[in-house]
Amino acid sequence: MAIFLTKESKVLVQGMTGGEGMKHTRRMLAAGTDVVGGVNPRKAGQAVDFDDRVVPVFGSVREGMAATGADVTVVFVPPAFAKAAVIEAADAGIGLAVVITEGIPVHDSVAFHAYAATKGTRVIGPNCPGLITPGQSNAGIIPADITKPGRIGLVSKSGTLTYQLMYELRDIGFSTCVGIGGDPVVGTTHIDCLAAFQDDPDTELVVLIGEIGGDAEERAAAYVRDHVTKPVVAYIAGFTAPEGRTMGHAGAIVSGSSGTAQAKKMALEAAGVRVGGTPTETARLVLTRWESERVAAQE
C-alpha cells in the first residue's frame with residue numbers, strides 16, 4: 001500500500017519537453033514511474049525518446065488522459081503559466097496534480113487551489129519536490145536511490161530535509177514520502193497526509209517535518225492528538241533562526257512567539273509527538289521508537 005501514488009499510477013508531465021521536464025522525466029522513468037505522456041500544445045503529435053521508452057506529447061491534459069488513462073500530472077511549467085496548467089488539469093478531471101514549479105505568485109496559487117478543489121483534483125505543492133512511493137513510482141524530483149520500500153510515512157515542507165531523513169532511515173524504508181512545499185499556500189497539508197497515513201495499513205510510523213512560520217504544525221499537532229493512533233516523530237527547522245529576520249521559505253513568517261520552532265515543538269510534544277533537535281537526532285528518535293515497537297509486537 002501507499003498514499004496518493006502507486007505503481008498503478010499513470011503520469012503525464014506538463015512541460016516535459018523543457019530542460020527540467022526532460023531531465024526529471026528521465027529520472028522518473030528510471031525509478032519505474034509509468035510516464036505515459038507529456039503535454040505541450042506546440043509539440044502535440046511528437047514523441048520523445050528516453051532510451052528505454054518513447055513518450056508521446058499531447059496537446060492538452062484532456063487529450064493525454066483520453067489516450068492513456070493518466071490519473072496524475074506533474075507540472076514543470078514556468079511560474080507565469082502554472083495557474084493555467086493546473087486549471088487545465090483540473091478541468092480535464094485529473095486526480096492528482098503535483099506542482100514542482102517555484103516562484104508562483106501567491107494569488108495564482110490561491111486561485112488554482114480553490115479551483116482544483118471544486119473539480120476534485122488533489123494538488124501537491126507548489127514549490128515542492130513531489131512525492132515518491134519507493135519501488136513503485138516517483139512523481140517529481142525526489143532522488144529515488146537514497147532509500148527503499150518500507151513502513152515509514154514521511155510528510156515534509158522541506159525538500160532537502162525530506163532527502164536527509166529518507167537517507168538516514170534508509171535501513172527501515174518508506175511507504176510514501178510527500179514533499180508538500182513551503183509556500184504560504186499549498187494544496188495538500190500535513191493533516192491531509194497524516195489522515196492518509198493513518199488509514200494506510202502498511203504505514204506503521206509517521207515522520208513529520210515542519211519549519212518556523214505559520215501555524216500548520218500546531219494544527220497538525222491537534223490533529224495527531226485527536227485522530228492519529230500511530231507513532232509520530234517530528235522535526236521543526238529553524239531552532240537557531242535569529243529573531244526579527246526573514247528566513248527560508250516564503251511561508252516562514254514569525255510573529256512574536258507564534259510560529260517559532262519552540263512553540264511548534266511544545267504543541268507537538270503536548271500531542272504525544274517526539275521532536276528531534278536536529279535531523280540526525282530525529283532519525284535516532286525514529287529508530288528508537290521503531291525498535292521499541294518491534295519489541296512490543298513480539299511480547
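These numbers come from the heavy atoms of this one structure, side chains and all, not from hydrogens, waters or symmetry mates.
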Step through the shown structure and confirm whether more than 12 heavy atoms of other residues, nucleotides or ligands are within 6.0 Å of NZ on K7.
no
Pick from V206, I3, I152, D200: which one makes a side chain to side chain contact (heavy atoms under 4.5 Å, CB included) with S175?
D200
So among T203, I209, L161, which one has a side chain to side chain contact (heavy atoms under 4.5 Å, CB included) with L154?
I209
R284 versus E168: any side-chain heavy-atom pair under 4.5 Å?
no
Co-membership, hydrophobic cluster, residues I124 and V185, 4.5 Å side-chain:
no
Ionic contact status for E20 with K23, cut-off 4.0 Å
yes
Does the side chain of C193 come within less than 4.5 Å of F4's, by heavy atoms?
yes
Near R274 CZ, under 6.0 Å, is it more than 12 heavy atoms from other residues, nucleotides or ligands?
no
Can you tell me if CG on D52 sees more than 12 non-hydrogen neighbours from other groups inside 6.0 Å?
no
Can you confirm whether K230 is buried at NZ, in the sense that more than 12 heavy atoms of other residues, nucleotides or ligands lie under 6.0 Å from that atom?
yes
N/O donor-acceptor pair under 3.5 Å between D71 side chain and S9 backbone:
no
Write down the atom of P231, the atom of E293, and the distance for their closest heavy-atom approach.
CG-OE2, 3.8 Å
First locate atom CD1 of I141, then atom CG of L131, and finally report the distance between them rounded to the nearest 0.5 Å.
12.0 Å
For residues 85-112, pull every pair meeting side chain to side chain donor-acceptor pair (under 3.5 Å), keeping only residues two or more places apart or in separate chains.
D91-Y115
Atom of P129, atom of Y163 and distance for their closest heavy-atom approach:
CB-OH, 3.4 Å
Is it possible for you to say whether M166 and I180 belong to one hydrophobic cluster, with membership spreading through side-chain heavy-atom contacts below 4.5 Å?
yes
Indicate if M65 and V13 have the same hydrophobic cluster label, given that clusters are the connected sets of ILVMFWY residues with side-chain heavy-atom separations under 4.5 angstrom.
no
Walk me through it: do R53 and D34 pass the test salt bridge (Lys or Arg N to Asp or Glu O under 4.0 Å)?
CA-CA 10 Å; R53 186 162 180 170; D34 189 11; 2.6 Å; yes
Main-chain N/O of A237 paired with K264 side-chain donor or acceptor, under 3.5 Å:
no
Joint hydrophobic cluster, V99 plus I94, side-chain heavy atoms closer than 4.5 Å
no
Around atom CZ of F50, are there more than 12 heavy atoms from other residues, nucleotides or ligands closer than 6.0 Å?
yes
